[in-house]
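Count residues from 1 along the sequence.
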Amino acid sequence: MSNQTTVTEFLLLGFSSIRELQILHFVIFLAAYLAALMGNLLIITIVTLNCELHSPMFFFLINLSIVDLGSISVTVPKSMSNSLLNTRSISYSGCVVQVFGLFCFLAANLSLLTIMAYDRYVAICKPLHYGIIMNRRACIQMAASAWAASVMYSALHTGNTFSLPFCHSDTINQFFCEVPQLLKLSCSDTYCRELAALAFSVCLCLGCFAFIVVSYVQIFTTVLKIPSQQGHQKAFSTCIPHLTVVSLFLSTCGIAYLKPVSDSPSPLDLLAAVLYSVVPPLMNPVIYSMRNKEIQASLWKLLQK
């Protein structure tokens, strides 16, 4: 291959060449995918149908569930299809869609988690001004800004990646189109591009992480001043699920993107990719439903009906 125009498809890494293990991979991913779909759709349904949950916190939770649905749908169905059909191919356009979708949903996830930290800060540290600061218009503007910024970030990252000529190989050592693996296939000097993209992403993540940390330092400082034990429990019950989701997202993404890219297929690379592409969308509904009494009560009412 002399340039990128000759690339019509890529070959993804399969989990195994043994047919029985391919079927097992399909079944496991199908179970995880259906569980993630059901969990996130259930969160969306509960919040939408229950007027008591029409608050900023649950509005952003709906957006987070939409992000989870999108992020797991970008990568997992294609991997399941390849295992079931005993193939490894993905079209060039399909690869572009995967890269764009994955970065868009990852960026939206981080943006929404940062906004949710601000929401908790205002609710606990400035309760008298909460209705004014977190009004309907402000919430819609913040969510729209998060989605718009994510789309632009993803478009720039995707354009930067696929403007490169691919000629070293068409085999991607991952079960979906991952940017570090794609950069290895380019026959141009990708060091500067890769370093710039990594630096920008790291700065973005560190900025959001710093904002979340500062928000929670002020939240915990305020909570510790609350005299009643019941007040402590109520405040922590709304913060712990969010903190858990933030920790899960940042830790899995950190493992996947901060480790060195191996030159050959590695079980660690596959595990890291599964951790950040499958585990958060699967676990986020569980974390919120188990720790949030309002969602539990609404779910119980829905089941009774």
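Residue Arg19 qualifies as enclosed at atom CZ: its count of foreign heavy atoms under 6.0 Å is above 12. Heavy-atom neighbours of Phe209 CZ from other residues, nucleotides or ligands within 6.0 Å: at or below the threshold of 12.
Rounding to the nearest 0.5 angstrom, the gap separating the CD1 atom in Ile43 from the OG1 atom in Thr48 is 10.5 Å. Atom CG of Leu112 sits about 11.5 Å away from atom CZ of Phe105, to the nearest 0.5 Å. Here the CD1-NE2 distance, from Ile62 to His54, works out to 6.5 Å after rounding to the nearest 0.5 Å. Between the CZ atom in Arg136 and the OG atom in Ser55 there is a gap of 12.0 Å [rounded to 0.5 Å]. In this structure, SG on Cys104 lies 13.0 Å from NE2 on His157, to the nearest 0.5 angstrom. Note that CZ of Phe58 is 9.0 Å distant from CE of Met116, once rounded to the nearest 0.5 Å.
Residues Thr171 and Arg88 have side chains in contact (heavy-atom distance under 4.5 Å, counting atoms from C-beta outward). Contact of the Leu113 side chain with the Phe60 side chain is not registered, since no non-hydrogen atoms from C-beta on lie closer than 4.5 Å. Between Val179 and Leu102, the closest side-chain pair of non-hydrogen atoms is not below 4.5 Å. Considering only heavy atoms from C-beta on, Val74 stays 4.5 Å or farther from Phe176 through its side chain. Counting heavy atoms from C-beta on, the side chains of Ile133 and Tyr118 come closer than 4.5 Å. Taking 4.5 Å as the limit, some side-chain heavy atom of Leu21 sits within range of a side-chain heavy atom of Leu24. Counting heavy atoms from C-beta outward, Leu185 and Asp170 have side chains that stay 4.5 Å or more apart. In this structure, Leu270 and Gln174 have side chains that are in contact, with non-hydrogen atoms separated by less than 4.5 Å.
Between the side chains of Ser251 and Tyr276, no donor-acceptor pair is found at a separation under 3.5 Å.
Taking each heavy atom of Gln218 and Cys125 in turn, the nearest pair found is O-SG, 3.5 Å. Leu110 and Thr114 make their closest contact through O-OG1, 2.8 Å (heavy atoms, listed as atom of the first residue, atom of the second, distance). Looking at every heavy atom in both residues, Ser89 comes nearest to Leu11 through CA-CD2, 4.1 Å. Nearest heavy-atom pair across Ala32 and Ile72 is O-CD1, 4.3 Å. Shortest non-hydrogen contact noted between Ser111 and Ser150 is OG-OG, 4.1 Å. Lys126 and Tyr121 make their closest contact through CE-OH, 3.4 Å (heavy atoms, listed as atom of the first residue, atom of the second, distance).
Side chain of Ser145 to backbone of Gln141: a donor-acceptor contact under 3.5 angstrom is found. When atom types are taken as modelled, the side chain of Asn50 and the backbone of Ile46 share no donor-acceptor pair closer than 3.5 angstrom. At distances below 3.5 Å, not a single donor-acceptor pair connects side-chain atoms of Ser79 with backbone N or O atoms of Val76. When atom types are taken as modelled, the side chain of Ser81 and the backbone of Pro77 share no donor-acceptor pair closer than 3.5 angstrom. Using a distance-only test at 3.5 Å, with no hydrogens or angles considered, no donor-acceptor pair links the side chain of Asn40 to the main chain of Leu37.
Chaining together hydrophobic side chains whose heavy atoms lie under 4.5 Å apart places Phe100 alongside Val151.
The sulfur atoms (SG) of Cys253 and Cys205 lie 2.5 Å or more from each other.
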Show your reasoning for whether side-chain contact (heavy atoms from CB on, under 4.5 Å) applies to Cys95 and Leu182.
-> CA-CA 10 Å; Cys95 196; Leu182 284 167; 4.1 Å; yes
Kindly determine whether Lys184 and Asn173 satisfy side-chain contact (heavy atoms from CB on, under 4.5 Å), including the steps that lead there.
-> CA-CA 10 Å; Lys184 288 172 56 181; Asn173 293 327; 4.0 Å; yes
Please report the C-alpha distance between Leu64 and Val245 in whole Å, then the side-chain angles of each, then the deciding distance to 0.1 Å, and finally whether the side-chain contact (heavy atoms from CB on, under 4.5 Å) criterion is met.
-> CA-CA 10 Å; Leu64 189 63; Val245 170; 4.3 Å; yes
Could you give me the CA-CA distance, side-chain angles and deciding distance for Asp68 and Asn109, then say whether side-chain contact (heavy atoms from CB on, under 4.5 Å) is met?
-> CA-CA 8 Å; Asp68 288 336; Asn109 201 329; 3.8 Å; yes
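Under the 4.5 Å side-chain contact rule for hydrophobic residues, Ile90 and Leu85 do not share a cluster. Connection of Leu30 to Leu41 is established within a shared hydrophobic cluster, with ILVMFWY side chains joined at heavy-atom distances below 4.5 Å, either directly or through further cluster members. Transitive grouping of hydrophobic side chains (ILVMFWY, heavy atoms separated by less than 4.5 Å) keeps Leu282 and Ile44 in distinct clusters. One hydrophobic cluster holds both Leu34 and Val278 under the rule that ILVMFWY side chains link at heavy-atom gaps under 4.5 Å. Linking Ile, Leu, Val, Met, Phe, Trp and Tyr whenever their side-chain heavy atoms come within less than 4.5 Å leaves Ile124 and Val214 in two separate clusters.
Partner of Leu248 under the side-chain contact (heavy atoms from CB on, under 4.5 Å) criterion, out of Leu243, Leu275, Ile287: Ile287 alone.
Classification of the Phe166-Phe10 ring pair by plane angle, with boundaries at 30° and 60°, yields perpendicular. Ring orientation note: the planes of Tyr216 and Phe220 are tilted relative to one another, at an angle of 30° to 60°.
Here Phe29 pairs with Phe15, His25, Phe175 under the ring-ring contact (aromatic ring centres under 6.0 Å, His included) rule; sequence neighbours left out.
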